[in-house]
Colleague: 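Below is a structure I'd like to ask you about.
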Amino acid sequence: MSYMSYPQRSTYLEFLEFPPGYGPWTYRAIPEPLISSELARLASAHVINSKTTTTGCVSLQPSPDPDDRSQDRFVVLDWDGWSFSAVFDGHGGEEAVDYVVQELPSLIHAALTKALANAGTVPLAPSAISTLLQSSIQAVDDALTDGVKHLFPDEATLAALTDEQIKSIINGPTNPNNLTILRCMRGTTALVSLVDSKKENLWVASLGDCQAVLGTKDSNGAWDATILSVNHSGRNPAEVARIRKEHPNESECIKFDRILGAIAVTRAIGDHIFKLPVSYTTRVFMNCVPGFSVSSKLEHFLPHNKSPPYLSALADIKHVALQPTTANTSESFLILCSDGLIDLYEHTNSTLEEILTQWVHMLGERMDRISAKVSDEADKENAALVLLRHALMGGGVDNSDRLTQMLTVEIPCRWMDDTTVLVQTL
């Protein structure tokens with residue numbers, strides 16, 4: 001829609017806590033219900049119905065600048081009653097995340113199909129599914145590594161080549177080697193869920209800082225939240241301890257809550273600048289066209305890259321035995337989201353657990369109203385869109401003017417992270 005016909009107003013976006021001296025910026029005062037319709041449009045809000053589940057989906061990056069287009073991706077698939085869902089938060093460019101979206105679901109599906117066929121009539125042990133999820137995610141990352149090593153097997157090979165020779169091997173708009181290298185220069189997190197065809201088991205694989213929370217109703221009718229993701233970042237003491245143990249006597253392996261002071265996540269697919277010896281960065285990646293699009297300057301952290309790999313592609317897997325559902329009533333749901341949704345609560349001082357619990361109670365009570373047939377029109381909205389709007393309000397009172405500012409403010413840079421949400425009834 002065109003915003004030009006609506007009145008202009010000014011904002012400092014105080015609720016995002018921009019530093020003093022920033023702003024004011026112009027935004028358009030779009031009234032309800034138009035601004036809510038615009039949110040749904042910009043977020044591509046829709047619902048996917050499968051044989052066993054219903055999934056609300058949204059993905060938002062409101063900046064109109066093409067260079068700021070979202071690097072989040074999501075996938076929702078039905079495999080003969082098995083439900084596969086995933087959220088991927090790409091960073092540094094789109095090449096790695098697009099590769100993972102293309103390869104990982106089919107790799108997991110093939111592994112699952114083979115395992116089920118081999119098991120025959122014997123139920124697969126939950127641990128077998130956990131293993132195939134973990135190994136499939138690792139295999140996608142290994143394939144990226146193999147692509148680079150196929151071109152440049154070791155550091156001795158690199159040393160024997162001139163920069164011009166390397167450039168001729170990896171560059172060119174139609175050169176397939178160019179994409180091979182770019183995929184390793186970019187990266188993505190991964191959050192994958194799998195539900196069996198009988199809806200008795202749920203698995204969640206997490207790699208990076210996306211979030212998964214399961215909402216279930218207990219015997220007293222209260223909604224409980226179970227966090228199923230692991231926060232793989234430099235703010236997680238367990239991850240910091242693991243990395244420091246793997247890299248003893250390297251005081252700057254973690255700096256400013258980041259790997260080498262540069263990247264926030266501690267596990268990801270791609271990001272081979274943190275996984276291969278420095279010579280691969282200085283001789284290959286830095287000779288690639290197009291180049292890096294990272295916020296940290298290479299010269300600041302490359303000298304500290306002494307014993308790679310620093311990033312892992314080993315996913316954490318959680319398995320949950322699901323409660324049986326009553327006839328025509330779902331009493332559990334799963335929320336998957338990229339870290340952009342959490343970031344919108346950054347200035348509320350709420351803990352991650354408090355935020356996720358609030359979501360479960362909000363959506364659970366909404367489901368109760370729908371089941372009791374006392375819901376209003378708002379309760380019939382896509383559940384993922386409900387969560388997105390709540391986050392854009394910072395978890396506070398709904399305010400259409402704040403929503404208008406978040407969607408239409410005219411700033412020459414991104415003012416919020418890419419944000420993707422899936423809400424799946426189980």
Side-chain angles (χ1 to χ4, degrees), residues 71 90-100 102-104 107 135-188 207 243-255 258-263 265-314:
Q71 295 175 37
H91 47 262
E94 299 172 320
E95 290 85 357
V97 69
D98 286 341
Y99 174 78
V100 174
Q102 172 187 313
E103 297 295 325
L104 183 59
L107 192 63
S135 60
S136 296
I137 291 170
Q138 183 67 60
V140 170
D141 191 65
D142 290 344
L144 294 178
T145 306
D146 292 344
V148 178
K149 290 295 189 77
H150 176 74
L151 299 174
F152 309 104
D154 49 40
E155 292 184 273
T157 301
L158 286 175
L161 296 170
T162 67
D163 281 355
E164 291 307 312
Q165 288 173 321
I166 291 173
K167 289 177 182 178
S168 69
I169 293 171
I170 65 174
N171 288 329
T174 61
N175 184 350
N177 295 339
N178 185 246
L179 189 54
T180 296
I181 300 303
L182 285 172
R183 286 169 175 164
C184 291
M185 294 166 61
R186 319 309 190 201
T188 183
L207 187 78
I243 292 163
R244 290 200 180 281
K245 183 178 180 181
E246 293 173 357
H247 304 277
N249 305 317
E250 293 184 38
S251 61
E252 298 199 357
C253 63
I254 297 285
K255 184 178 179 181
R258 292 170 173 261
I259 295 283
L260 305 181
I263 188 169
V265 293
T266 55
R267 305 193 195 194
I269 298 172
D271 294 314
H272 281 65
I273 187 173
F274 302 100
K275 294 176 179 176
L276 294 174
V278 172
S279 59
Y280 280 87
T281 297
T282 57
R283 301 297 315 286
V284 180
F285 300 152
M286 291 178 70
N287 276 319
C288 185
V289 178
F292 283 109
S293 55
V294 295
S295 56
S296 301
K297 293 185 178 180
L298 297 177
E299 61 267 24
H300 289 171
F301 66 86
L302 277 184
H304 304 297
N305 185 346
K306 300 174 181 178
S307 58
Y310 293 88
L311 256 64
S312 167
L314 185 67

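Values in this document were obtained by computation on a predicted structure and should not be read as measured data.
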Colleague: With sequence neighbours excluded, what pairs up with R186 under the salt bridge (Lys or Arg N to Asp or Glu O under 4.0 Å) test?
Modeller: E95
Colleague: What are the two closest non-hydrogen atoms of I181 and I170, and how far apart are they?
Modeller: CG1-CG2, 3.8 Å
Colleague: Could you tell me the separation between the CD1 atom of I263 and the CG atom of D271, rounded to the nearest 0.5 Å?
Modeller: 4.0 Å
Colleague: Locate the shortest heavy-atom distance separating G92 from Q71; write the atom from each residue and the value.
Modeller: N-OE1, 3.4 Å
Colleague: Is a side-chain N or O of K275 found less than 3.5 angstrom from the main chain of P308, in a donor-acceptor match?
Modeller: no
Colleague: Do you know the tightest heavy-atom contact between L311 and A268?
Modeller: CD2-CB, 4.0 Å
Colleague: Looking only at side-chain N and O atoms, does D142 offer a donor or acceptor that is under 3.5 Å from a partner on T145?
Modeller: no
Colleague: As an exercise, state the distance from CD of E250 to CD1 of I243, rounded to the nearest 0.5 Å.
Modeller: 11.5 Å
Colleague: Write down the atom of V265, the atom of H91, and the distance for their closest heavy-atom approach.
Modeller: CG2-CE1, 4.4 Å
Colleague: Once rounded to the nearest 0.5 Å, what's the spacing between atom CG of L302 and atom CE of M286?
Modeller: 7.0 Å
Colleague: Would you name the heavy atoms of P303 and K306 that are closest together and state the gap between them?
Modeller: O-CE, 3.8 Å
Colleague: Mind checking whether N171 and C288 have side chains closer than 4.5 Å, heavy atoms only?
Modeller: yes
Colleague: So how far is it from F292 CZ to I273 CD1, rounded to the nearest 0.5 Å?
Modeller: 4.0 Å
Colleague: Apply side chain to side chain donor-acceptor pair (under 3.5 Å) to T282 and list each qualifying residue two or more places apart in sequence or on a separate chain.
Modeller: none
Colleague: Side chains of R183 and L179: closer than 4.5 Å at any heavy-atom pair?
Modeller: yes
Colleague: Taking the side chain as everything from C-beta on, heavy atoms only, tell me whether V289 gets closer than 4.5 Å to K167.
Modeller: no
Colleague: For a 4.5 angstrom cut-off between non-hydrogen side-chain atoms, does I169 reach L161?
Modeller: yes
Colleague: Closest approach of C184 and L144, non-hydrogen atoms and distance?
Modeller: SG-O, 3.2 Å
Colleague: Side-chain contact test, heavy atoms from C-beta onward, threshold under 4.5 Å: evaluate it for S136 versus L104 and give yes or no.
Modeller: yes
Colleague: Does Y280 use its side chain to pair, donor to acceptor, with the backbone of F152 at less than 3.5 Å?
Modeller: yes
Colleague: Taking atom CZ of R267 and atom CD1 of I137, what is their separation to the nearest 0.5 Å?
Modeller: 11.0 Å
Colleague: Please tell me if the side chains of Y99 and V140 come closer than 4.5 Å, counting only heavy atoms from C-beta onward.
Modeller: yes
Colleague: Nearest 0.5 Å, please: how far is CG in D141 from NE2 in H272?
Modeller: 4.5 Å
Colleague: Under the side-chain contact (heavy atoms from CB on, under 4.5 Å) criterion, do H150 and D146 qualify, and how do the steps go?
Modeller: CA-CA 6 Å; H150 176 74; D146 292 344; over 6 Å; no
Colleague: Under a 4.5 Å cut-off applied to non-hydrogen side-chain atoms, are I259 and I254 in contact?
Modeller: yes
